[in-house]
Participant: 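Sharing a structure with you now.
Naming convention: chains lettered A, B, ... in sequence-line order (proteins, then strands); numbering from 1 in each chain. Worth saying up front: this structure is predicted, and the values here are computed from it rather than measured.
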Amino acid sequence: MFGRRTLLAAAAALALAIPVAGTTGAQAQQPPVRIAVIGPMSGTGAFEGQLGLEGAQAMAAVINAKGGVAGRKLELLTYDDKGSPEDGVSAAKRAMEQDNVDMIIGGWFSAVALSMKEVTRDKIITVMTSSQHPKVTEEGHKYLFRLNATSAMMSEFYSKAICDRIKPKSIAFMNVNDDWGRLELDNYTKLLTACGIEVKGHEFYNRTDTDFTTALTKLKSLNADAIYVAAINTSQGATIYRQIKQTGYRGKVIASAGNMNPKLVELSGNSLEQVYSASPFTEDGSAPSLKPWLEQYRKDYKNEPSFIAALGAQAVQTLAFGVEAAGGDPRAYDKIAAALKSQEVPTVMGELRFSDKGQASQAIHLVQVQKKQIVSVRD
Amino acid sequence: MDFTVFAQQIANGLVNGMAYVLIATGLTLVFGVLRIVNFAHGEFYMLGAYITYFVGTLLGLDYIAAAAISAVVVAGLGVVANKLIFWPLRRDHEFTILLSSLGLALLIANGGELLFGADPKYVESPFADEVLDIGTVTLTQQRILVFAAAVVALVAVYLFIRYSRFGKMMRATAQNPDGAALTGINIGLVHTYTFALACGLAALSGALVGPTVMIFPTIGNWAVLKGFIVVIMGGLGSVTGALFAGLLLGVIESLGGGYISLGFMEAIGYAMIIAVLLWRPNGLFSTARGLR
């Protein structure tokens with residue numbers, strides 16, 4: 001066995017070797033800003049993780065092509081959280097302790113964001129992406145920012161659209177059984193009951209389920225005018241939308257806010273036709289940085305640009321803006337946080353404004369699937 | 001109680017159960033004849049679904065042809081896996097074989113993610129969205145096809161094992177490999193055939209179930225888990241046991257999910273295993289060593 005002395009010597013040698021390797025790589029240039037992208041790269045959420053990463057990489061490429069941020073290139077390091085809180089926590093620890101990254105992008109699922117923020121608490125700038133649970137920012141920390149609208153913000157906007165435009169007489173819910181899915185049920189039950197829509201019942205399905213006929217058979221028998229589906233995961237969502245039609249349900253289908261993407265439309269066949277959703281991302285937006293990002297994304301990847309990918313891009317833009325404002329130092333966390341909270345951040349989805357708790361306000365649009373395209377519905 | 005919903009849940013359960021039976025039959029054959037616990041079995045299910053998808057989209061063949069080709073190709077892959085891993089290890093400890101199969105499962109699943117991409121895919125089938133009303137029960141043609149094709153495949157497997165020369169060789173090997181070898185049975189050939197049959201069945205079920213859900217590279221986990229529940233419940237090595245246990249699991253899951261709670265659907269399978277094992281420690285249909 002190795003003695004303690006050998007181990008110490010080895011550790012010392014490693015400690016010496018690492019900075020040397022670092023300086024030879026960068027040479028005359030400034031060292032890159034190292035950003036950890038922690039997301040579900042495997043498991044059932046792998047596709048969302050891939051989209052988010054692609055969006056972030058395309059934006060990093062756009063920024064790097066223009067010379068980077070204050071003369072420093074952006075370098076993205078990828079970590080897999082497998083969509084699970086435990087793996088998210090260990091990925092964040094690895095990124096901070098072993099790889100010594102400057103900043104973190106993560107939190108695609110609420111459950112992961114909620115536990116990961118405790119590891120990064122007050123230690124490192126952390127941008128949470130698609131998670132919608134209010135506690136992510138309500139109980140966040142001084143370096144935490146979250147891009148997606150909270151489920152409360154989303155439901156406030158979307159419930160109005162459901163009440164005024166879609167107008168079902170009664171509704172039943174098909175929600176994923178996690179923090180977010182349960183919160184959605186609470187929110188919409190309150191908001192829709194308030195405008196006179198009868199809530200007939202709900203089913204919670206598990207995040208690992210692949211077949212939903214049992215749940216949908218029950219929901220169909222409630223004879224509700226509409227079924228509201230709260231599914232984040234693209235593969236589960238597509239199966240649910242198809243199986244709703246396959247069980248012979250002929251009522252309206254309403255997709256949860258923030259979870260409509262081109263892949264879902266492609267996989268769902270005709271079953272998403274005329275279905276509404278709400279999304280901060282539309283391809284016909286007017287932000288100046290949208291076009292170069294769309295071009296770069298289409299050039300590098302075969303997927304269609306989506307809301308999740310746009311969030312990835314937005315996360316990189318937010319960090320880049322903060323570093324620029326802090327004079328190019330990615331470790332000046334207080335300066336970066338102050339800059340992000342006091343100025344408007346221009347992104348692919350328009351100007352972002354962060355609250356004191358780090359919550360972004362995004363403009364949300366009503367969208368509908370028409371002829372297999374997601375189009376924004378304007379009044 | 002609403003009879004329409006009850007009948008619909010039973011029908012859902014029978015279709016799901018039949019898919020479990022197809023997966024479990026291959027698993028139980030490999031165990032019964034060769035004494036191999038194959039954790040990679042679910043991966044062959046995944047490959048079956050993916051190859052059906054790729055033959056359909058890249059070669060433009062229709063769904064039935066694609067499914068048939070996929071079953072044959074995966075049967076071939078099963079033979080290769082046997083030649084490379086299971087045959088050379090046949091004299092090693094059972095744990096060595098078990099761990100190797102686990103390694104193979106990880107290799108295929110991660111290789112699949114690399115090769116096919118992580119994005120979910122959909123196996124197109126002309127029967128997927130065609131709804132049939134049988135009395136008060138609504139099923140898609142695809143679900144009826146899953147059930148019917150599984151019945152045909154299982155009858156064929158049964159007749160093959162019971163009456164064909166190779167089937168008899170398989171049964172002899174299952175009873176006593178050394179004794180079978182002494183009577184001149186080519187054990188290597190039996191290995192090859194058993195793997196081809198088992199993996200072909202796994203692929204067939206992947207191809208059949210594929211169009212009812214979305215496919216992604218880690219669906220094998222789900223398949224092998226269901227397969228093991230069924231095999232343990234029915235009795236390791238028992239084909240009849242797999243049939244009854246599979247249908248039972250499907251129906252109980254769907255009634256449990258329908259009338260108690262969806263959250264418990266997964267737990268029901270495990271609870272059933274415990275109940276069955278307490279009552280009959282070798283499974284419902286297990287008696288002595290051999291293939292039944």
Side-chain angles (χ1 to χ4, degrees), chain A residues 39-51 53-54 80 82 174-175 177 202-222 233-243 245-250 261 263-264 266-271 301-303, chain B residues 2 4-13 15-16 19 109-110 113-114 117-124 128-133 136-143 209 211-219 221-223 225-226 250 253-259 261-267:
Chain A
M41 305 300 164
S42 64
T44 45
F47 181 59
E48 285 72 24
Q50 186 193 338
L51 289 181
L53 180 65
E54 286 176 359
D80 187 3
K82 299 179 187 154
M174 175 74 178
N175 288 22
N177 190 6
H202 68 265
E203 287 299 325
F204 285 120
Y205 65 88
N206 300 308
R207 271 201 309 222
T208 47
D209 288 351
T210 50
D211 181 81
F212 305 91
T213 43
T214 303
L216 293 172
T217 300
K218 279 168 86 177
L219 284 182
K220 187 195 164 200
S221 71
L222 296 174
N233 178 306
T234 303
S235 66
Q236 285 190 321
T239 310
I240 292 171
Y241 293 118
R242 273 185 182 268
Q243 291 191 344
K245 295 285 174 227
Q246 291 171 1
T247 57
Y249 180 75
R250 294 286 170 268
N261 66 64
K263 189 75 185 182
L264 185 69
E266 178 200 320
L267 289 173
S268 304
N270 287 321
S271 50
Y301 306 107
K302 63 178 173 38
N303 290 310
Chain B
D2 188 348
T4 314
V5 177
F6 182 74
Q8 182 70 49
Q9 296 292 28
I10 296 268
N12 293 344
V15 171
N16 287 348
N110 290 321
E113 209 149 78
L114 211 65
D119 56 322
K121 293 188 168 51
Y122 178 68
V123 182
E124 290 285 348
D129 290 325
E130 298 300 322
V131 177
L132 277 185
D133 291 315
T136 56
V137 173
T138 307
L139 283 175
T140 57
Q141 290 181 358
Q142 183 68 31
R143 291 184 154 260
V209 175
T212 68
V213 293
M214 298 297 137
I215 61 170
F216 42 91
T218 47
I219 46 171
N221 294 346
W222 168 86
L225 199 66
K226 295 290 181 196
E253 268 187 355
S254 122
L255 289 181
Y259 290 100
S261 160
L262 278 180
F264 284 113
M265 235 168 102
E266 294 272 297

Participant: Do you know which of Ala46(A), Gly49(A), Ser271(A), Ser235(A) has the most heavy-atom pairs under 4.5 Å to chain B?
Facilitator: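 That would be Ser235(A).
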Participant: Are a donor atom and an acceptor atom from the side chains of Asn16(B) and Glu253(B) found within less than 3.5 Å of each other?
Facilitator: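 No, because no side-chain N or O of Asn16(B) sits under 3.5 Å from a partner of the opposite role on Glu253(B).
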Participant: Restricting to non-hydrogen atoms, name the atom on Arg250(A) and the atom on Lys245(A) that form the minimum distance, rounded to 0.1 Å.
Facilitator: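 Here Arg250(A) and Lys245(A) meet closest at NH1-O, 3.6 Å.
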Participant: Would you mind checking which part of Val131(B) comes under 4.5 Å of any heavy atom in chain A, side chain (CB onward), backbone (N, CA, C, O), both or neither?
Facilitator: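 Interface part for Val131(B): side chain.
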Participant: Minimum heavy-atom separation for Thr138(B) to Lys220(A), with atom names?
Facilitator: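 That would be OG1-NZ, 4.0 Å.
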Participant: Let me know if Gln50(A) has heavy atoms under 4.5 Å from chain B in its side chain, its backbone, both or neither.
Facilitator: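 Contact with chain B is through the side chain of Gln50(A) alone.
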Participant: Could you check whether Asn12(B) and Thr217(A), counting side-chain N and O atoms only, form a donor-acceptor pair closer than 3.5 Å?
Facilitator: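 Asn12(B) and Thr217(A) do have a side-chain donor-acceptor pair below 3.5 Å.
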Participant: Contact part of Lys263(A) toward chain B, heavy-atom cut-off under 4.5 Å: side chain, backbone, both or neither?
Facilitator: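 Contact with chain B involves the side chain of Lys263(A) alone.
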Participant: In terms of heavy-atom pairs under 4.5 Å with chain B, which of Ser268(A), Ala238(A), Gly269(A) leads?
Facilitator: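 The answer is Ala238(A).
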Participant: Given that the side chain runs from C-beta out, which part of Gln243(A) has a heavy atom under 4.5 Å from chain B: side chain, backbone, both or neither?
Facilitator: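 Looking at Gln243(A), just its side chain touches chain B.
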Participant: For Glu113(B) and Asn110(B), does a side-chain donor sit closer than 3.5 Å to a side-chain acceptor?
Facilitator: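 Side chains of Glu113(B) and Asn110(B): no pair found under 3.5 Å.
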Participant: Heavy-atom distance under 4.5 Å to chain A: side chain of Asn221(B), backbone, both or neither?
Facilitator: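 Answer is neither: Asn221(B) stays 4.5 Å or more from chain A.
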Participant: List the steps, then state whether side chain to side chain donor-acceptor pair (under 3.5 Å) holds for Thr234(A) with Glu48(A).
Facilitator: CA-CA 7 Å; Thr234(A) 303; Glu48(A) 285 72 24; 2.4 Å; yes
Participant: Checking heavy atoms, do the side chain of Thr213(A), its backbone, both or neither come under 4.5 Å from chain B?
Facilitator: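 Both parts, backbone and side chain.
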